[in-house]
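Data block below; observations after.
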There are 2 protein chains.
Amino acid sequence: MPGQRSITEAEKLAEAKLGGSSFRHDQMAVVANIYRAASAVRQHLENSVLRGVDLTWTAFVVLWVVWIWGESETRHVAEEAGISKGTLTGVARTLERRGLVQRADHPTDGRLVLLSLTDEGEQLMQRVFPAFNEEEAFVTGQLSDADCRTVADGLRRVVLQVEEKGEERRRDLLEGAAPAPRRSGRRKA
Amino acid sequence: MPGQRSITEAEKLAEAKLGGSSFRHDQMAVVANIYRAASAVRQHLENSVLRGVDLTWTAFVVLWVVWIWGESETRHVAEEAGISKGTLTGVARTLERRGLVQRADHPTDGRLVLLSLTDEGEQLMQRVFPAFNEEEAFVTGQLSDADCRTVADGLRRVVLQVEEKGEERRRDLLEGAAPAPRRSGRRKA
DNA sequence: CGGTATTTGTTCGGGTCCAAATCATACTTC
DNA sequence: GAAGTATGATTTGGACCCGAACAAATACCG
(Lines give C-alpha, C1' and ligand atoms only; values in the text may rest on other atoms or scores of the structure.)
Protein backbone atom coordinates (compact mmCIF):
# COMPACT_ATOMS: atom_id res chain seq x y z
CA MET A 1 0.00 0.00 0.00
CA PRO A 2 1.63 3.25 -1.12
CA GLY A 3 1.69 6.16 1.25
CA GLN A 4 -0.40 9.29 1.22
CA ARG A 5 -1.25 10.51 -2.27
CA SER A 6 -0.80 14.08 -3.31
CA ILE A 7 -3.28 16.41 -1.69
CA THR A 8 -5.17 18.78 -3.91
CA GLU A 9 -4.65 22.51 -3.82
CA ALA A 10 -8.09 23.03 -2.32
CA GLU A 11 -7.33 20.70 0.56
CA LYS A 12 -4.10 22.56 1.32
CA LEU A 13 -5.98 25.86 1.36
CA ALA A 14 -8.60 24.43 3.67
CA GLU A 15 -5.86 23.21 5.96
CA ALA A 16 -4.39 26.72 6.04
CA LYS A 17 -7.73 28.38 6.66
CA LEU A 18 -8.84 25.94 9.32
CA GLY A 19 -5.51 24.79 10.69
CA GLY A 20 -5.92 26.80 13.85
CA SER A 21 -9.28 25.51 14.91
CA SER A 22 -9.94 21.88 15.62
CA PHE A 23 -11.71 19.84 12.98
CA ARG A 24 -11.74 16.35 11.55
CA HIS A 25 -9.39 16.59 8.65
CA ASP A 26 -9.26 13.02 7.33
CA GLN A 27 -13.02 12.68 7.52
CA MET A 28 -13.51 15.90 5.57
CA ALA A 29 -11.17 14.62 2.88
CA VAL A 30 -13.25 11.45 2.48
CA VAL A 31 -16.51 13.34 1.99
CA ALA A 32 -14.97 15.91 -0.33
CA ASN A 33 -13.38 13.26 -2.51
CA ILE A 34 -16.43 11.03 -2.58
CA TYR A 35 -18.29 13.89 -4.13
CA ARG A 36 -15.51 14.92 -6.48
CA ALA A 37 -15.14 11.35 -7.66
CA ALA A 38 -18.87 10.89 -8.11
CA SER A 39 -19.09 14.02 -10.26
CA ALA A 40 -16.03 13.11 -12.30
CA VAL A 41 -17.20 9.56 -12.94
CA ARG A 42 -20.72 10.61 -13.84
CA GLN A 43 -19.43 13.30 -16.15
CA HIS A 44 -17.11 10.90 -17.94
CA LEU A 45 -19.72 8.18 -18.36
CA GLU A 46 -22.36 10.61 -19.59
CA ASN A 47 -19.99 12.13 -22.11
CA SER A 48 -18.63 8.83 -23.39
CA VAL A 49 -21.02 5.88 -23.59
CA LEU A 50 -24.31 7.42 -22.43
CA ARG A 51 -24.48 10.46 -24.68
CA GLY A 52 -24.31 8.30 -27.78
CA VAL A 53 -27.43 6.36 -26.79
CA ASP A 54 -29.16 9.45 -25.40
CA LEU A 55 -29.36 8.33 -21.79
CA THR A 56 -28.77 10.42 -18.70
CA TRP A 57 -26.93 8.88 -15.76
CA THR A 58 -30.14 8.47 -13.80
CA ALA A 59 -32.00 6.97 -16.72
CA PHE A 60 -29.20 4.44 -17.13
CA VAL A 61 -29.20 3.55 -13.43
CA VAL A 62 -32.95 2.94 -13.51
CA LEU A 63 -32.61 0.75 -16.58
CA TRP A 64 -29.77 -1.13 -14.92
CA VAL A 65 -31.78 -1.80 -11.77
CA VAL A 66 -34.73 -3.15 -13.74
CA TRP A 67 -32.38 -5.17 -15.92
CA ILE A 68 -30.65 -6.79 -12.96
CA TRP A 69 -33.68 -7.30 -10.74
CA GLY A 70 -36.20 -8.09 -13.45
CA GLU A 71 -39.78 -6.82 -13.29
CA SER A 72 -39.99 -4.82 -10.05
CA GLU A 73 -42.28 -2.61 -8.03
CA THR A 74 -41.47 1.05 -8.57
CA ARG A 75 -40.83 1.72 -4.90
CA HIS A 76 -38.02 -0.84 -4.94
CA VAL A 77 -36.58 0.55 -8.13
CA ALA A 78 -36.49 4.05 -6.66
CA GLU A 79 -34.85 2.73 -3.50
CA GLU A 80 -32.19 0.77 -5.40
CA ALA A 81 -31.53 3.58 -7.87
CA GLY A 82 -31.08 6.03 -5.01
CA ILE A 83 -33.74 8.49 -6.18
CA SER A 84 -37.07 9.53 -4.71
CA LYS A 85 -40.36 8.02 -5.79
CA GLY A 86 -41.37 11.31 -7.36
CA THR A 87 -38.27 11.47 -9.47
CA LEU A 88 -38.74 7.90 -10.61
CA THR A 89 -42.23 8.69 -11.86
CA GLY A 90 -40.76 11.25 -14.25
CA VAL A 91 -37.78 9.17 -15.31
CA ALA A 92 -39.97 6.10 -15.88
CA ARG A 93 -42.28 8.21 -18.01
CA THR A 94 -39.34 9.32 -20.14
CA LEU A 95 -38.09 5.76 -20.55
CA GLU A 96 -41.59 4.51 -21.34
CA ARG A 97 -42.02 7.20 -23.99
CA ARG A 98 -38.79 5.98 -25.57
CA GLY A 99 -40.03 2.40 -25.52
CA LEU A 100 -37.35 1.06 -23.20
CA VAL A 101 -39.50 0.12 -20.20
CA GLN A 102 -43.13 -0.78 -19.73
CA ARG A 103 -45.56 -0.47 -16.83
CA ALA A 104 -47.94 -3.12 -15.58
CA ASP A 105 -50.52 -3.23 -12.82
CA HIS A 106 -49.81 -5.49 -9.90
CA PRO A 107 -52.08 -8.57 -10.17
CA THR A 108 -53.44 -8.34 -6.62
CA ASP A 109 -52.54 -4.91 -5.22
CA GLY A 110 -54.01 -2.08 -7.25
CA ARG A 111 -51.72 0.49 -5.69
CA LEU A 112 -48.53 -0.99 -7.06
CA VAL A 113 -46.99 -0.46 -10.47
CA LEU A 114 -44.52 -2.91 -11.95
CA LEU A 115 -41.66 -1.88 -14.21
CA SER A 116 -39.94 -4.13 -16.70
CA LEU A 117 -37.70 -3.74 -19.75
CA THR A 118 -39.14 -3.99 -23.23
CA ASP A 119 -37.28 -6.12 -25.77
CA GLU A 120 -35.73 -2.93 -27.06
CA GLY A 121 -34.64 -2.02 -23.55
CA GLU A 122 -33.17 -5.46 -23.03
CA GLN A 123 -31.22 -5.22 -26.28
CA LEU A 124 -30.01 -1.74 -25.40
CA MET A 125 -28.64 -2.89 -22.06
CA GLN A 126 -26.89 -5.88 -23.59
CA ARG A 127 -25.18 -3.49 -25.93
CA VAL A 128 -24.48 -0.61 -23.56
CA PHE A 129 -23.47 -2.38 -20.38
CA PRO A 130 -20.18 -3.81 -21.70
CA ALA A 131 -19.16 -0.34 -22.89
CA PHE A 132 -20.21 1.14 -19.56
CA ASN A 133 -18.21 -1.45 -17.67
CA GLU A 134 -15.18 -0.68 -19.86
CA GLU A 135 -15.32 2.92 -18.69
CA GLU A 136 -15.74 1.86 -15.09
CA ALA A 137 -12.47 0.04 -15.58
CA PHE A 138 -10.98 3.17 -17.16
CA VAL A 139 -11.86 5.55 -14.35
CA THR A 140 -10.43 3.12 -11.79
CA GLY A 141 -7.39 2.57 -13.96
CA GLN A 142 -4.99 3.81 -11.30
CA LEU A 143 -6.24 1.25 -8.77
CA SER A 144 -5.34 -2.41 -8.55
CA ASP A 145 -8.06 -5.01 -8.06
CA ALA A 146 -7.14 -5.12 -4.38
CA ASP A 147 -7.28 -1.31 -4.17
CA CYS A 148 -10.75 -1.43 -5.71
CA ARG A 149 -11.96 -3.88 -3.11
CA THR A 150 -10.51 -1.78 -0.33
CA VAL A 151 -12.09 1.44 -1.58
CA ALA A 152 -15.45 -0.22 -2.27
CA ASP A 153 -15.32 -1.72 1.19
CA GLY A 154 -14.75 1.64 2.82
CA LEU A 155 -17.54 3.24 0.82
CA ARG A 156 -19.97 0.47 1.74
CA ARG A 157 -19.26 1.21 5.38
CA VAL A 158 -20.14 4.85 4.85
CA VAL A 159 -23.41 3.87 3.18
CA LEU A 160 -24.19 1.39 5.94
CA GLN A 161 -23.47 3.92 8.66
CA VAL A 162 -25.88 6.46 7.16
CA GLU A 163 -28.55 3.87 6.39
CA GLU A 164 -28.44 2.26 9.82
CA LYS A 165 -27.77 5.19 12.11
CA GLY A 166 -28.58 8.27 10.06
CA GLU A 167 -32.21 8.64 10.99
CA GLU A 168 -31.53 8.37 14.70
CA ARG A 169 -28.65 10.78 14.37
CA ARG A 170 -30.81 13.39 12.69
CA ARG A 171 -33.45 13.01 15.37
CA ASP A 172 -30.90 13.56 18.10
CA LEU A 173 -29.46 16.61 16.36
CA LEU A 174 -32.86 18.29 16.17
CA GLU A 175 -33.58 17.60 19.84
CA GLY A 176 -37.33 17.66 19.33
CA ALA A 177 -37.21 20.87 17.34
CA ALA A 178 -39.43 21.15 14.27
CA PRO A 179 -37.75 19.44 11.27
CA ALA A 180 -37.59 22.68 9.29
CA PRO A 181 -39.52 22.24 6.04
CA ARG A 182 -37.80 22.61 2.73
CA ARG A 183 -38.02 26.07 1.23
CA SER A 184 -38.97 24.67 -2.13
CA GLY A 185 -41.80 22.21 -2.50
CA ARG A 186 -45.53 21.98 -2.93
CA ARG A 187 -47.77 24.30 -0.93
CA LYS A 188 -51.14 23.50 0.52
CA ALA A 189 -53.92 24.19 -1.95
CA MET B 1 -6.76 -4.20 7.12
CA PRO B 2 -9.96 -6.21 7.51
CA GLY B 3 -11.03 -8.50 4.72
CA GLN B 4 -13.86 -8.10 2.26
CA ARG B 5 -16.94 -6.42 3.69
CA SER B 6 -20.43 -7.71 3.15
CA ILE B 7 -21.61 -7.31 -0.41
CA THR B 8 -25.00 -5.77 -0.96
CA GLU B 9 -27.92 -7.74 -2.35
CA ALA B 10 -27.80 -5.80 -5.60
CA GLU B 11 -24.17 -6.70 -6.16
CA LYS B 12 -24.95 -10.40 -5.67
CA LEU B 13 -27.77 -10.20 -8.20
CA ALA B 14 -25.51 -8.47 -10.68
CA GLU B 15 -22.94 -11.20 -10.20
CA ALA B 16 -25.62 -13.82 -10.92
CA LYS B 17 -26.89 -12.02 -14.00
CA LEU B 18 -23.48 -11.27 -15.40
CA GLY B 19 -21.42 -14.09 -13.94
CA GLY B 20 -21.29 -15.92 -17.23
CA SER B 21 -19.96 -13.10 -19.34
CA SER B 22 -16.66 -11.42 -18.62
CA PHE B 23 -16.73 -8.08 -16.95
CA ARG B 24 -14.71 -6.04 -14.46
CA HIS B 25 -16.39 -6.81 -11.19
CA ASP B 26 -14.23 -4.96 -8.65
CA GLN B 27 -14.19 -1.84 -10.80
CA MET B 28 -17.96 -1.88 -11.10
CA ALA B 29 -18.27 -2.14 -7.33
CA VAL B 30 -16.13 0.97 -6.88
CA VAL B 31 -18.23 3.09 -9.23
CA ALA B 32 -21.52 1.81 -7.83
CA ASN B 33 -20.47 2.48 -4.26
CA ILE B 34 -19.00 5.88 -5.00
CA TYR B 35 -22.38 6.95 -6.22
CA ARG B 36 -24.31 5.29 -3.44
CA ALA B 37 -22.06 6.89 -0.86
CA ALA B 38 -22.28 10.30 -2.50
CA SER B 39 -26.08 10.18 -2.44
CA ALA B 40 -26.24 8.93 1.12
CA VAL B 41 -23.82 11.55 2.40
CA ARG B 42 -25.48 14.38 0.54
CA GLN B 43 -28.89 13.28 1.76
CA HIS B 44 -27.75 13.13 5.37
CA LEU B 45 -26.01 16.48 5.30
CA GLU B 46 -28.93 18.20 3.60
CA ASN B 47 -31.41 16.78 6.08
CA SER B 48 -29.32 17.54 9.16
CA VAL B 49 -27.25 20.71 9.17
CA LEU B 50 -28.12 22.28 5.81
CA ARG B 51 -31.90 22.20 6.00
CA GLY B 52 -31.90 24.27 9.17
CA VAL B 53 -30.02 27.12 7.50
CA ASP B 54 -31.92 26.70 4.22
CA LEU B 55 -28.97 25.75 2.06
CA THR B 56 -28.86 23.10 -0.62
CA TRP B 57 -25.76 20.96 -0.98
CA THR B 58 -24.64 22.86 -4.05
CA ALA B 59 -25.22 26.23 -2.45
CA PHE B 60 -23.13 25.13 0.53
CA VAL B 61 -20.31 23.86 -1.68
CA VAL B 62 -20.20 27.17 -3.54
CA LEU B 63 -20.11 29.10 -0.26
CA TRP B 64 -17.40 26.79 1.00
CA VAL B 65 -15.22 27.32 -2.06
CA VAL B 66 -15.50 31.10 -1.84
CA TRP B 67 -14.88 30.93 1.91
CA ILE B 68 -11.70 28.88 1.52
CA TRP B 69 -10.29 30.58 -1.56
CA GLY B 70 -11.41 34.11 -0.79
CA GLU B 71 -12.66 36.43 -3.53
CA SER B 72 -12.47 34.39 -6.74
CA GLU B 73 -13.27 34.49 -10.41
CA THR B 74 -16.49 32.66 -11.13
CA ARG B 75 -14.86 30.26 -13.59
CA HIS B 76 -12.60 29.01 -10.80
CA VAL B 77 -15.48 28.70 -8.36
CA ALA B 78 -17.47 26.61 -10.84
CA GLU B 79 -14.44 24.45 -11.51
CA GLU B 80 -13.74 23.88 -7.81
CA ALA B 81 -17.39 23.32 -6.94
CA GLY B 82 -17.70 20.80 -9.74
CA ILE B 83 -20.62 22.49 -11.50
CA SER B 84 -20.93 24.14 -14.91
CA LYS B 85 -20.60 27.88 -15.46
CA GLY B 86 -24.26 28.11 -16.31
CA THR B 87 -25.33 26.44 -13.11
CA LEU B 88 -23.08 28.69 -11.06
CA THR B 89 -24.74 31.77 -12.52
CA GLY B 90 -28.06 30.61 -11.08
CA VAL B 91 -26.70 29.45 -7.73
CA ALA B 92 -24.72 32.66 -7.28
CA ARG B 93 -27.86 34.65 -8.04
CA THR B 94 -29.72 32.76 -5.33
CA LEU B 95 -26.94 33.32 -2.82
CA GLU B 96 -26.66 36.97 -3.77
CA ARG B 97 -30.41 37.41 -3.30
CA ARG B 98 -30.03 35.98 0.20
CA GLY B 99 -27.19 38.37 0.96
CA LEU B 100 -24.54 35.70 1.44
CA VAL B 101 -22.25 36.51 -1.50
CA GLN B 102 -21.53 39.60 -3.57
CA ARG B 103 -20.32 40.18 -7.13
CA ALA B 104 -17.63 42.58 -8.25
CA ASP B 105 -16.14 43.48 -11.61
CA HIS B 106 -12.56 42.51 -12.26
CA PRO B 107 -10.38 45.64 -12.15
CA THR B 108 -8.62 45.04 -15.48
CA ASP B 109 -10.47 42.30 -17.38
CA GLY B 110 -14.04 43.28 -18.15
CA ARG B 111 -15.11 39.72 -18.91
CA LEU B 112 -14.52 38.43 -15.41
CA VAL B 113 -16.79 38.53 -12.39
CA LEU B 114 -15.46 38.14 -8.87
CA LEU B 115 -17.37 36.43 -6.10
CA SER B 116 -16.83 37.00 -2.39
CA LEU B 117 -18.67 36.37 0.87
CA THR B 118 -20.57 39.15 2.56
CA ASP B 119 -20.12 39.60 6.32
CA GLU B 120 -23.33 37.65 6.76
CA GLY B 121 -21.98 34.86 4.56
CA GLU B 122 -18.75 34.79 6.52
CA GLN B 123 -20.61 34.55 9.81
CA LEU B 124 -22.85 31.81 8.44
CA MET B 125 -19.90 29.69 7.39
CA GLN B 126 -18.17 30.12 10.75
CA ARG B 127 -21.32 28.82 12.35
CA VAL B 128 -22.25 26.08 9.88
CA PHE B 129 -18.89 24.58 9.01
CA PRO B 130 -18.19 23.05 12.44
CA ALA B 131 -21.60 21.37 12.39
CA PHE B 132 -21.02 20.19 8.84
CA ASN B 133 -17.65 18.76 9.78
CA GLU B 134 -19.26 16.95 12.74
CA GLU B 135 -21.53 15.14 10.33
CA GLU B 136 -18.64 14.35 8.02
CA ALA B 137 -17.15 12.60 11.03
CA PHE B 138 -20.45 10.84 11.67
CA VAL B 139 -20.87 9.41 8.19
CA THR B 140 -17.31 8.11 8.28
CA GLY B 141 -17.80 6.78 11.78
CA GLN B 142 -17.06 3.18 10.77
CA LEU B 143 -13.66 4.14 9.38
CA SER B 144 -10.46 4.76 11.31
CA ASP B 145 -8.32 7.78 10.51
CA ALA B 146 -6.04 5.50 8.53
CA ASP B 147 -9.02 4.01 6.67
CA CYS B 148 -10.14 7.53 5.80
CA ARG B 149 -6.76 8.38 4.34
CA THR B 150 -6.74 5.16 2.33
CA VAL B 151 -10.21 5.73 0.92
CA ALA B 152 -9.58 9.40 0.19
CA ASP B 153 -6.34 8.41 -1.50
CA GLY B 154 -8.10 5.92 -3.77
CA LEU B 155 -10.80 8.41 -4.67
CA ARG B 156 -8.24 11.08 -5.50
CA ARG B 157 -6.67 8.68 -7.96
CA VAL B 158 -10.03 8.17 -9.64
CA VAL B 159 -10.49 11.93 -9.93
CA LEU B 160 -6.96 12.37 -11.23
CA GLN B 161 -7.38 9.64 -13.81
CA VAL B 162 -10.51 11.24 -15.24
CA GLU B 163 -9.11 14.76 -15.12
CA GLU B 164 -5.81 13.85 -16.74
CA LYS B 165 -6.79 11.19 -19.23
CA GLY B 166 -10.56 11.50 -19.58
CA GLU B 167 -10.66 13.91 -22.47
CA GLU B 168 -8.22 11.90 -24.56
CA ARG B 169 -10.10 8.72 -23.74
CA ARG B 170 -13.39 10.18 -24.92
CA ARG B 171 -11.75 11.34 -28.13
CA ASP B 172 -10.40 7.88 -28.80
CA LEU B 173 -13.74 6.25 -28.11
CA LEU B 174 -15.50 8.42 -30.65
CA GLU B 175 -12.88 7.69 -33.33
CA GLY B 176 -13.57 10.91 -35.16
CA ALA B 177 -17.33 10.41 -35.07
CA ALA B 178 -19.50 13.43 -34.34
CA PRO B 179 -19.64 14.05 -30.57
CA ALA B 180 -23.41 13.55 -30.49
CA PRO B 181 -25.05 16.71 -29.16
CA ARG B 182 -27.20 16.59 -26.07
CA ARG B 183 -30.89 16.04 -26.74
CA SER B 184 -31.80 18.94 -24.47
CA GLY B 185 -30.18 22.34 -24.77
CA ARG B 186 -30.50 25.69 -26.42
CA ARG B 187 -31.33 25.84 -30.13
CA LYS B 188 -30.01 28.29 -32.66
CA ALA B 189 -32.18 31.39 -32.85
C1' DC C 1 -4.99 49.69 -37.02
C1' DG C 2 -8.47 46.27 -38.47
C1' DG C 3 -10.06 42.24 -38.46
C1' DT C 4 -10.43 37.30 -36.60
C1' DA C 5 -10.05 34.00 -32.91
C1' DT C 6 -10.47 33.06 -28.14
C1' DT C 7 -12.17 33.48 -23.60
C1' DT C 8 -15.56 35.07 -20.33
C1' DG C 9 -20.26 35.10 -18.01
C1' DT C 10 -25.18 34.75 -19.13
C1' DT C 11 -29.36 32.92 -21.23
C1' DC C 12 -32.11 29.16 -22.27
C1' DG C 13 -34.29 24.46 -23.36
C1' DG C 14 -35.07 20.06 -21.72
C1' DG C 15 -34.53 17.18 -17.95
C1' DT C 16 -33.62 15.83 -13.25
C1' DC C 17 -34.29 16.13 -8.18
C1' DC C 18 -36.51 16.34 -3.60
C1' DA C 19 -40.15 16.50 -0.38
C1' DA C 20 -44.76 18.07 0.62
C1' DA C 21 -49.31 17.66 -0.93
C1' DT C 22 -52.51 14.93 -3.16
C1' DC C 23 -54.90 11.09 -5.20
C1' DA C 24 -55.95 6.17 -5.19
C1' DT C 25 -56.26 1.72 -3.34
C1' DA C 26 -55.93 -1.51 0.47
C1' DC C 27 -56.47 -2.77 5.22
C1' DT C 28 -58.75 -2.44 10.01
C1' DT C 29 -62.05 -1.86 13.19
C1' DC C 30 -66.40 -1.38 14.75
C1' DG D 1 -69.95 -1.56 5.28
C1' DA D 2 -68.70 2.97 6.74
C1' DA D 3 -65.15 5.44 8.95
C1' DG D 4 -60.58 5.81 9.73
C1' DT D 5 -55.77 4.46 8.91
C1' DA D 6 -51.93 2.88 6.20
C1' DT D 7 -49.46 2.44 2.04
C1' DG D 8 -48.89 3.09 -2.78
C1' DA D 9 -47.86 6.34 -6.98
C1' DT D 10 -48.35 10.86 -8.87
C1' DT D 11 -48.37 15.97 -9.07
C1' DT D 12 -46.30 20.14 -8.02
C1' DG D 13 -43.10 24.13 -6.69
C1' DG D 14 -38.67 25.70 -6.43
C1' DA D 15 -33.93 24.77 -7.23
C1' DC D 16 -30.38 22.48 -9.89
C1' DC D 17 -27.94 20.86 -13.89
C1' DC D 18 -25.66 20.58 -18.36
C1' DG D 19 -24.18 22.24 -22.60
C1' DA D 20 -25.27 24.87 -26.79
C1' DA D 21 -26.04 29.49 -28.19
C1' DC D 22 -25.08 34.04 -27.31
C1' DA D 23 -23.03 38.77 -26.17
C1' DA D 24 -19.20 41.23 -24.58
C1' DA D 25 -14.47 41.88 -23.89
C1' DT D 26 -9.83 40.61 -24.76
C1' DA D 27 -6.00 38.56 -27.36
C1' DC D 28 -3.78 37.63 -31.46
C1' DC D 29 -2.12 38.59 -36.11
C1' DG D 30 -1.19 40.63 -40.48
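Below, chain A is the first sequence line, B the second, and so on; all start at residue 1. Every value quoted in this text rests on a predicted model; they were computed, and no experiment measured them.
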Worksheet item: Considering residues at least two apart in sequence or located in another chain, which fulfil the side chain to side chain donor-acceptor pair (under 3.5 Å) criterion with A/Thr118?
Response: none
Worksheet item: Near DNA chain C, which residues from residues 55-79 of chain A have a heavy atom under 4.0 Å away?
Response: A/Thr56, A/Thr58
Can you give the donor-acceptor pairs under 3.5 Å from side chains of residues 90-97 of chain A to other protein atoms, not counting sequence neighbours?
| unit_1 | atom_1 | unit_2 | atom_2 | d |
| --- | --- | --- | --- | --- |
| A/Thr94 | OG1 | A/Gly90 | O | 3.2 |
| A/Glu96 | OE1 | A/Arg103 | NE | 2.8 |

Item to complete: Check salt bridge (Lys or Arg N to Asp or Glu O under 4.0 Å) between A/Glu163 and all other residues, then give those that pass, not counting sequence neighbours.
Response: B/Arg36
Worksheet entry | Of residues 93-104 of chain A, the positions that come close to DNA chain D - non-hydrogen atoms, cut-off under 4.0 Å | A/Arg93, A/Arg103
Worksheet item: Does A/Arg111 have any side chain to side chain donor-acceptor pair (under 3.5 Å) partners at least two apart in sequence or in another chain, and if so, which?
Response: A/Asp109
Worksheet, complete the sentence: Whether each nucleotide of nucleotides 23-28 of chain C has a protein heavy atom under 4.0 Å at its base (B), only at its sugar-phosphate (S) or at neither (-) is summarised, 5' to 3', as --BS--
Discussion item. Nearest whole Å is fine: how far is C/dC18 P from A/Arg187 CZ?
Written reply: 18 Å
Worksheet entry | Pairs meeting criterion ring-ring contact (aromatic ring centres under 6.0 Å, His included) with involvement of residues 135-160 of chain B, two or more places apart | B/His44-B/Phe138
Worksheet item: With respect to the phosphate group of D/dG19, does any side-chain polar atom (N or O) of A/Gln43 fall under 4.0 Å of OP1 or OP2?
Response: yes
Item to complete: Go through the structure and list residues passing side chain to side chain donor-acceptor pair (under 3.5 Å) with A/Thr58, not counting sequence neighbours.
Response: none
Fill in: Which residue lies more 5' along DNA chain C, comparing A/Gly90 with B/Arg186 via nearest heavy atoms
B/Arg186
Discussion item. Going by salt bridge (Lys or Arg N to Asp or Glu O under 4.0 Å), name the residues that satisfy it together with A/Glu73, two or more places apart in sequence or in a different chain.
Written reply: A/Arg75
Worksheet, complete the sentence: A/Lys85 NZ to C/dT22 C1', in whole Å, measures 11 Å
Worksheet item: Residues two or more places apart in sequence or in another chain: which of them pass side chain to side chain donor-acceptor pair (under 3.5 Å) with B/Asp105?
Response: none
Discussion item. Measuring to OP1 and OP2 of C/dC18, would you say a side-chain N or O of B/Asn47 lies under 4.0 angstrom away?
Written reply: no
Item to complete: Not counting sequence neighbours, list each pair that qualifies as a ring-ring contact (aromatic ring centres under 6.0 Å, His included) and has a residue in residues 68-119 of chain A.
Response: none
